[in-house]
Amino acid sequence: MKKSKALSPETQMMGFGYNPWWSEGSVKPPLFLTSTFMFHNAEDGEEFFKVAMGKKHSLKAQGLIYSRLNNPELEILEGRLALWENAEAGAAFASGMAAIATTVLALCRPGDVIAYNLPIYGGTSHFFTEILPQFKIRALPVFINGNPAQQIAAMEEPKLKMIFIETPSNPTMEMIDLEKITRARGHLEKKCGSKIHLAVDNTMFGPVFQKPLLKGADLSLYSATKFIGGHSDLIAGAVLGSRKLMKDIVTYRSFLGTMSDPFTCWQMLRSLETLKIRMETQARNAFVIAQYLAKHKKIGKIYYPGLFAKHSEQYKIMKKQCEGHGSMISFEVKGGKRAAFRMLNRVSLCHLAVSLGGTETLIEHPKTMTHSELEPALMKRSGITDGLIRLSVGLENPADLITDLGRALE
Ligand SMILES: *Cc1c(COP(=O)(O)O)cnc(C)c1O
């Protein structure tokens with residue numbers, strides 16, 4: 001099946017990039033568990049290497065050599081991933097962190113500066129603050145609840161090379177206005193006369209509810225472990241962007257060896273077929289549950305984009321930037337940590353575990369689990385309190401989840 005502008009991504013997940021007659025009519029792509037591929041003859045081997053090493057340009061698909069460089073599962077998967085954001089190209093990685101690390105190492109050099117928002121995923125934060133300085137790359141934070149676009153525009157950093165944004169934020173679901181960030185970036189590019197890459201971690205809402213590439217971002221990054229994989233049974237990552245940028249990133253991936261393996265790619269191909277219905281149903285379930293929690297007398301603050309106050313700034317950003325509310329809810333249980341732990345220990349349908357985006361509902365305590373590494377001041381500034389609980393709503397019947405949550409809160 002060829003790429004078609006007329007067909008929706010969800011339609012193309014069932015066939016794009018694969019022809020059953022390549023494989024005995026097998027409706028599904030077979031899984032190629034091989035590390036290496038045979039050449040028809042030595043001339044082919046020579047030719048494939050020249051193209052793979054960038055010494056020669058070829059209009060034909062790159063010949064298969066070795067699974068770290070390329071393999072059929074990677075090719076089919078990457079073609080399908082790109083369709084979700086109408087990207088020119090995509091690349092799959094061994095994890096979300098592999099995607100982030102490979103991208104930054106491919107595009108930044110010693111002396112360069114990265115601006116990023118806080119709070120941000122803990123692994124990203126550790127990579128930025130503990131590892132990158134060892135390579136003389138500095139990462140400067142801006143605060144999500146203090147007009148990040150303005151903070152970036154005010155940066156006096158001639159070596160600013162990348163703006164790395166995660167929106168909505170985790171766990172309090174605050175949104176950053178990507179249009180404003182794009183404008184700030186444009187202003188800085190003019191001032192320092194060089195390109196600044198805008199990279200967006202789109203794990204929380206993408207690709208179904210948010211498409212940063214259509215809002216001015218150069219790169220959209222994913223922990224595919226979450227919604228794209230969607231079944232809590234794999235670890236993977238992805239990056240989407242222009243052909244040129246992706247070529248630079250994939251070159252680094254080939255030599256760092258951070259690609260996704262064929263079996264995981266094959267699992268993701270299966271997952272992509274249900275991505276849209278999963279994310280939409282999970283979001284619908286989350287809306288029902290958020291409404292229930294918001295009215296519960298033992299619940300204080302609740303953070304869910306579906307409940308943003310109409311006409312608030314956050315509501316306006318969501319309306320212009322997102323196509324849905326997502327399925328992540330955070331809420332404060334009255335009574336602090338003791339009350340929160342009591343609830344966590346009493347749920348039975350919800351799984352007490354970190355991660356998110358799976359078919360099963362996951363529940364956790366950010367302050368002592370996913371966000372325990374944050375400095376106390378930032379923890380406070382980010383609204384991560386003792387009573388805060390994060391819920392990733394799955395595909396269970398929401399009435400059953402409400403019964404479970406209600407019992408645990410009693
Ligand atoms: C989980 C996560 C990551 C890291 O992804 P891994 O697949 O665990 O390496 C990065 N960003 C966000 C927003 C995440 O939720």
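Excluded from the calculations below are hydrogen atoms, water molecules and symmetry mates; all remaining heavy atoms, backbone and side chain alike, are included. Order of appearance sets the numbers: ligands from 1, and atoms from 1 within every ligand. Numbers here simply count residues along the sequence, with the first being 1. Owing to the predicted nature of the structure, the values given are computational and were not obtained by experimental measurement.
- Residues meeting the salt bridge (charged side-chain N to carboxylate O under 4.0 Å, His left out) test with E166, sequence neighbours left out: none.
- The existence of a salt bridge linking E280 and R284 is excluded, since no basic side-chain nitrogen approaches an acidic carboxylate oxygen closer than 4.0 Å.
- Here R80 does not pair with E75 in a salt bridge; the nearest charged N to carboxylate O distance is not below 4.0 Å.
- With respect to R138 and E157, a salt bridge is recorded, a charged nitrogen being found less than 4.0 Å from a carboxylate O.
- Between the R253 side chain and the F93 main chain, no donor and acceptor come within less than 3.5 Å of each other.
- For the pair R278 and F227, the cation does not sit on the ring face, since its NZ or CZ is not both under 6.0 Å from the ring centre and inside 45° of the axis.
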Write 'none' if nothing qualifies; otherwise put on separate lines each N/O atom of ligand 1 with a protein N/O atom under 3.5 Å away and their distance to 0.1 Å.
residue  : atom   : partner : partner atom : Å
ligand 1 : 5 (O)  : S223    : OG           : 3.0
ligand 1 : 7 (O)  : G96     : N            : 2.9
ligand 1 : 7 (O)  : S223    : OG           : 2.9
ligand 1 : 7 (O)  : T225    : OG1          : 2.6
ligand 1 : 9 (O)  : G96     : N            : 3.0
ligand 1 : 9 (O)  : M97     : N            : 2.8
ligand 1 : 11 (N) : D201    : OD2          : 2.7
ligand 1 : 15 (O) : K226    : NZ           : 2.7

